[in-house]
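Presented below is the structure to which this report refers.
In each ligand, atom 1 is the first atom listed, and ligand 1 is the first ligand listed. Atom set for the values below is all heavy atoms of this structure, side chains included, hydrogens, waters and symmetry mates excluded.
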Amino acid sequence: MGFGYIKTDFNIRCNYKDGAWGELEVSESEHFNMHIAATAIHYGQESFEGLKAFRGKDGKVRIFRMDENAKRMLDSASGTLMAQVPVEKFMEAVKKAVKLNEKFVPPYESGASLYIRPVLFGTGPQIGVRPADEYMFMVFVMPVGPYFKGGFQTTPFVIMREFDRSAPLGMGKYKVGGNYAASLVAGKKAHELGYSNIFYLDAKDKKYIDECGAANFFGIKNNTYITPKSASILPSITNKSLMVLAEEMGMKVECRQVPVEELATFEETGACGTAAVISPIERIDDYDKGISYIFSKDGKPGPISEKLYNKLRAIQYGDDEDKYGWVTVI
Ligand SMILES: Cc1ncc(COP(=O)(O)O)c(C=O)c1O
């Protein structure tokens, strides 16, 4: 099992019409009908989320920080003038999708999990550039394999200034489909060159680090966890959680602009997000300047990255106490 679409038994749907959300509906179909002039397909009125459910040693299923995903979808909806899905409705749909597909939540020992994909989009017709009057919110799930098949490992990333992910005052802070369409060419080139993903710099000055592929960046030095502050990156829920855990571990946490040259000073670096928790970085090649920033020579992640990774996973799988109320047991 890798990370790909797998059919499960049920998905949850909810329609917004005449100014109000309807009831949650359970569907067994992988398809739906949509108007040919729906704003989702013409003007990109679309937003999605990604979160996971984990089966613990005790057999219980835990969903990680779904209220945070619900709130982020509220922001994405306001950034694209879509109808907002109330937090309670979002969480009810997620719980329902997980419960109805419980048999697809992989066993504890596998290190795999159930990926949850909520999606919101304009279904109502518009041909002028205007928001739709009708929307659909849907949640489907699929089992996904462990991100690191050969154990927790480092991979190389690349800086390429010919690509931007989002504009300084643009849509980067929202989880909207257009940002991912805009990243496909850059991602393809990075993969073809043997990198796990591209490292984006701020689009205006190309001076500061934004984020890496579909993940936030962090660097570690002098017992400090440092992560970029930027208006054009997605506020990662994993990053937010790691900052709390870093503080708990006695580290200082700094969320501030990170100049590219500062890469030379970090002891450890990583990309963080729902998919991997932490994807530790082996090296970052500056493609345009011919410089390499090297963080690991033997493929092994640094000790602090490993500790943070183990700590967050232990909370997700229910091995450690959930001090912060991050998990919902189903
Ligand atoms: C662009 C981008 N940045 C960062 C992240 C990491 O966010 P999270 O930790 O909430 O998964 C994601 C993944 O959702 C992403 O798509």
Practice task
Report the distance from atom CG of Leu51 to atom CZ of Phe90, rounding to the nearest 0.5 Å.
Solution key: 6.0 Å
Exercise for the section: May I ask you to check if ligand 1 and Asn239 share an N or O to N or O distance below 3.5 Å? Expected result: no
Fill in the blank from the handout: In Thr39, Thr123, Thr80, the residue satisfying side chain to side chain donor-acceptor pair (under 3.5 Å) with Gln45 is Thr39
Handout entry: Polar atom proximity, Arg165 to ligand 1 (N or O, under 3.5 Å)
Key = no
Exercise for the section: Quick one: look up the protein heavy atom nearest atom 12 (C) of ligand 1 and list residue, atom name and how far away it is. Expected result: Ala214 O, 3.2 Å
Handout entry: Lys/Arg-Asp/Glu bridge criterion (N-O < 4.0 Å) met for Arg256, Glu262
Key = yes
Exercise for the section: Would you mind listing which atoms of ligand 1 come within a distance below 4.0 Å of any non-hydrogen atom of Tyr180? Expected result: 1 (C), 2 (C), 15 (C), 16 (O)
Practice task
Answer yes or no for Lys175: is there a heavy-atom contact with ligand 1 below 4.0 Å?
Solution key: yes
Fill in the blank from the handout: When every non-hydrogen atom of Asn216 is compared with those of Pro235, the smallest separation belongs to OD1-C, 4.4 Å
Exercise for the section: State if Arg72 counts as touching ligand 1 under the rule of any non-hydrogen atom under 4.0 Å. Expected result: yes
Practice task
Considering the heavy atoms of Ala215, write down every atom of ligand 1 situated less than 4.0 Å from one of them.
Solution key: 2 (C), 3 (N), 4 (C), 5 (C)
Exercise for the section: For Glu211, take its heavy atoms, then give the atoms of ligand 1 lying under 4.0 Å from any of them. Expected result: 1 (C), 2 (C), 3 (N), 4 (C)
Exercise for the section: Assign the ring pair Phe218 / Tyr225 to parallel, tilted or perpendicular, where the plane angle (0 to 90°) is split at 30° and 60°. Expected result: parallel
Completion exercise
In ligand 1, the atoms that come under 4.0 Å of a heavy atom of Ile237 are 8 (P), 9 (O), 10 (O)
Handout entry: Where ligand 1 meets Asn216 - atom numbers and elements under 4.0 angstrom, heavy-atom basis
Key = 3 (N), 4 (C)
Handout entry: Per-atom contacts of ligand 1 with Gly273, taking only distances under 4.0 Å to non-hydrogen atoms
Key = 6 (C), 9 (O), 11 (O)
